[in-house]
Amino acid sequence: MTGQATYEVYAIRHAVNDTRTRGNNFILESDPAAPLVLDFYSWVLIGQDRTIVVDTGMDPAKAAKHGHRHLLSPVDALAMLGVDAATADTVILTHAHYDHLGFLDAFPAAHFHMQAEEMAYVTGPWMEKPWFRRAYEPDEISRLVTLLHSDRLTLHGREAEIADGVTVHWVGGHCAGQEVVRVRTRRGWVVLASDALHYYEEYERGVPFAVAFNLSDMIAAHDRIRELVDSDDHVLPAHDPRMTELYPPLDTARAGQILRLDVPPVRLREAGQ
């Protein structure tokens, strides 16, 4: 790739579960009863000539069903950023779990992109097993099928370029079709790890998250992410409350709601880097 497009990257914190414990999140956890908050993010990439939405958040009713607390409509958050969901033309779906597909119908003009392996997984025999289907909602999977038959969903291979400066890369692990999104920013290449990394701790300790399809792929994903970023400070997990400490809000009114991720994390900003 020889292009020069760069993007501003924003994270939308749309839900939280502050009743989770370390035992809910990590396998063979030594302190399983200790609390560990789980935040929920979707993202938007804003370039000079292109805006790309990454995942669509979580339906409030499904959030309540699964024990999470809805905070903010991603559609409303996009509007705060000057992005109209009704006219947005490109949406990347990093995988098809319910906390990433909640507002598909809010994007009537969009074309969607997702790993072909994820569609095969969510419509195939693994869904006979309750363990593997527990983070999927049938109505949302049905909606994906409808989008496919309406020529509005592209099922790409393991590596694909969505736009200049935006590529997607299969890693598997958390689910059969889990992908990460590599984005060129002014500070270099960042990776939206999505659920390949729920927490920085997985990456730092080399441990898997508790919800997994393939543990070996989940651990191997850490090395693949390292290959794709400019440094560990360019890695962006999907559920870590540490994000609100590391990255600035859009403005003081959106503290804890919309974060700016294409700037260095706070420890580098404080050091003047």
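Reckoned from all heavy atoms, side chains included, excluding hydrogens, waters and symmetry mates.
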Checklist entry - Applying the side chain to side chain donor-acceptor pair (under 3.5 Å) test to R158, which of Q115, H169, E117 qualifies? => result E117
Checklist entry - Has the side chain of D55 got a donor or acceptor atom that lies under 3.5 Å from a matching backbone atom of T94? => result yes
Checklist entry - Does W170 offer a backbone N or O that forms a donor-acceptor pair with the side chain of E179 under 3.5 Å? => result no
Checklist entry - Is it true that R184 and D164 make a salt bridge, defined as a side-chain N closer than 4.0 Å to a carboxylate O? => result yes
Checklist entry - Is a side-chain donor or acceptor of S73 paired with a backbone partner of V75 at a separation under 3.5 angstrom? => result yes
Checklist entry - Side-chain contact, heavy-atom cut-off 4.5 Å: V229 with W189? => result no
Item to check | Geometric class of the H97/H95 ring pair [parallel <30°, tilted 30-60°, perpendicular >60°] | outcome: perpendicular
Checklist entry - Just by distance, do the side chain of N24 and the backbone of T21 share a donor-acceptor pair under 3.5 Å? => result yes
Checklist entry - Would I52 and W43 count as a side chain to side chain contact (heavy atoms under 4.5 Å, CB included) if you check the C-alpha gap in whole Å, the side-chain angles of each, and the deciding distance to 0.1 Å? => result CA-CA 9 Å; I52 298 173; W43 306 269; over 6 Å; no
Next on the checklist: Within the structure provided, determine whether M119 and T123 are in side-chain contact (heavy-atom separation under 4.5 Å).
Outcome noted: yes
Next on the checklist: Quick one: does any side-chain atom of T185 pair with a main-chain N or O of T6 as donor and acceptor, under 3.5 Å?
Outcome noted: no
Next on the checklist: Main chain of T19, side chain of N17: is a donor-acceptor contact present, judged purely on distance under 3.5 Å?
Outcome noted: yes
Checklist outcome for this item: Sorted by chain and residue number, the ring-ring contact (aromatic ring centres under 6.0 Å, His included) partners of H239 (sequence neighbours excluded) come out as F40, H198
Checklist entry - Going by distance alone, is a donor N or O of one side chain under 3.5 Å from an acceptor N or O of the other, for T244 and R13? => result no
Next on the checklist: Applying a strict under-4.5 Å side-chain criterion to I, L, V, M, F, W and Y, I'd like to know whether L78 and L71 cluster together.
Outcome noted: yes
Next on the checklist: Looking at D240 and M243, would you say the former's side chain and the latter's main chain have a donor-acceptor pair under 3.5 Å?
Outcome noted: no
Checklist entry - Sub-3.5 Å donor-acceptor pair from the side chain of T146 to the main-chain atoms of S142, do we have one? => result yes
Checklist entry - So, are R187 and E8 salt-bridged, with charged N and O less than 4.0 Å apart? => result no
Item to check | Parallel, tilted or perpendicular: ring planes of H66 versus Y98, cut at 30 and 60 degrees | outcome: parallel
Checklist entry - Are V54 and L155 connected in the hydrophobic side-chain network, where two residues link if heavy atoms are under 4.5 Å apart? => result no
Checklist entry - Honestly, is R226 close enough over Y203, meaning NZ or CZ under 6.0 Å from the six-membered ring centre and within 45° of the axis? => result yes
Checklist entry - Do we see a donor-acceptor contact under 3.5 Å between the side chains of H234 and S231? => result yes
Checklist entry - Backbone N or O of M58 within a donor-acceptor pair of the D99 side chain at under 3.5 Å? => result no
Item to check | Heavy-atom closest pair, residues R152 and A109 | outcome: NH2-N, 4.1 Å
Next on the checklist: Between I162 and T90, is the side chain to side chain contact (heavy atoms under 4.5 Å, CB included) condition met? List the steps.
Outcome noted: CA-CA 9 Å; I162 304 302; T90 305; 3.9 Å; yes
Checklist outcome for this item: Note: W131 and A210 closest approach over all heavy atoms is CZ2-O, 4.0 Å
Checklist entry - Would E227 and R224 pass as an ion pair if we require N to O under 4.0 Å? => result yes
Checklist entry - Does a side-chain N-to-carboxylate-O contact under 4.0 Å join R133 and E128? => result no
Next on the checklist: For R182, is there an ion pair with E161 - N to carboxylate O distance below 4.0 angstrom?
Outcome noted: no
Item to check | Note: D262-R186 ion pair, threshold 4.0 Å (strictly below) | outcome: no
Next on the checklist: If you compare all heavy atoms of S194 against all heavy atoms of A238, which two are closest, and at what distance to 0.1 Å?
Outcome noted: O-CB, 3.2 Å
Next on the checklist: For I225 and L197: C-alpha separation, side-chain torsions, deciding distance, then whether side chain to side chain contact (heavy atoms under 4.5 Å, CB included) applies.
Outcome noted: CA-CA 10 Å; I225 291 168; L197 291 176; 3.9 Å; yes
Next on the checklist: Counting C-beta onward and ignoring hydrogens, is there a side-chain heavy-atom pair between D251 and M80 closer than 4.5 Å?
Outcome noted: no
Checklist entry - Taking 4.0 angstrom as the limit, do R69 and D18 come out as a salt bridge? => result yes
Next on the checklist: In this structure, would I92 and I46 fall into the same cluster of hydrophobic residues linked by side-chain contacts under 4.5 Å?
Outcome noted: no
Item to check | Closest approach of V37 to Y199 (non-hydrogen atoms, all atoms of both residues) | outcome: O-OH, 2.9 Å
Checklist entry - Within the side chain of E137, is there an N or O that forms a donor-acceptor pair under 3.5 Å with the backbone of D139? => result no
Checklist entry - Is the H111 to H113 ring centre distance short of 6.0 Å? => result yes
Checklist entry - Stepwise, does the side chain to side chain contact (heavy atoms under 4.5 Å, CB included) test hold for I27 with V207? => result CA-CA 8 Å; I27 298 169; V207 297; over 6 Å; no
Checklist entry - If two hydrophobic side chains count as joined below 4.5 Å and joins carry through other members, does V181 share a cluster with L261? => result yes
Checklist entry - Between A77 and L72, what is the shortest heavy-atom contact and its length? => result CB-CD2, 3.7 Å
Item to check | For the student: nearest non-hydrogen atoms of G173 and D217, plus distance | outcome: N-CB, 3.5 Å
Next on the checklist: A side-chain contact here means heavy atoms from C-beta on lying under 4.5 Å apart; do I12 and Y41 qualify?
Outcome noted: no
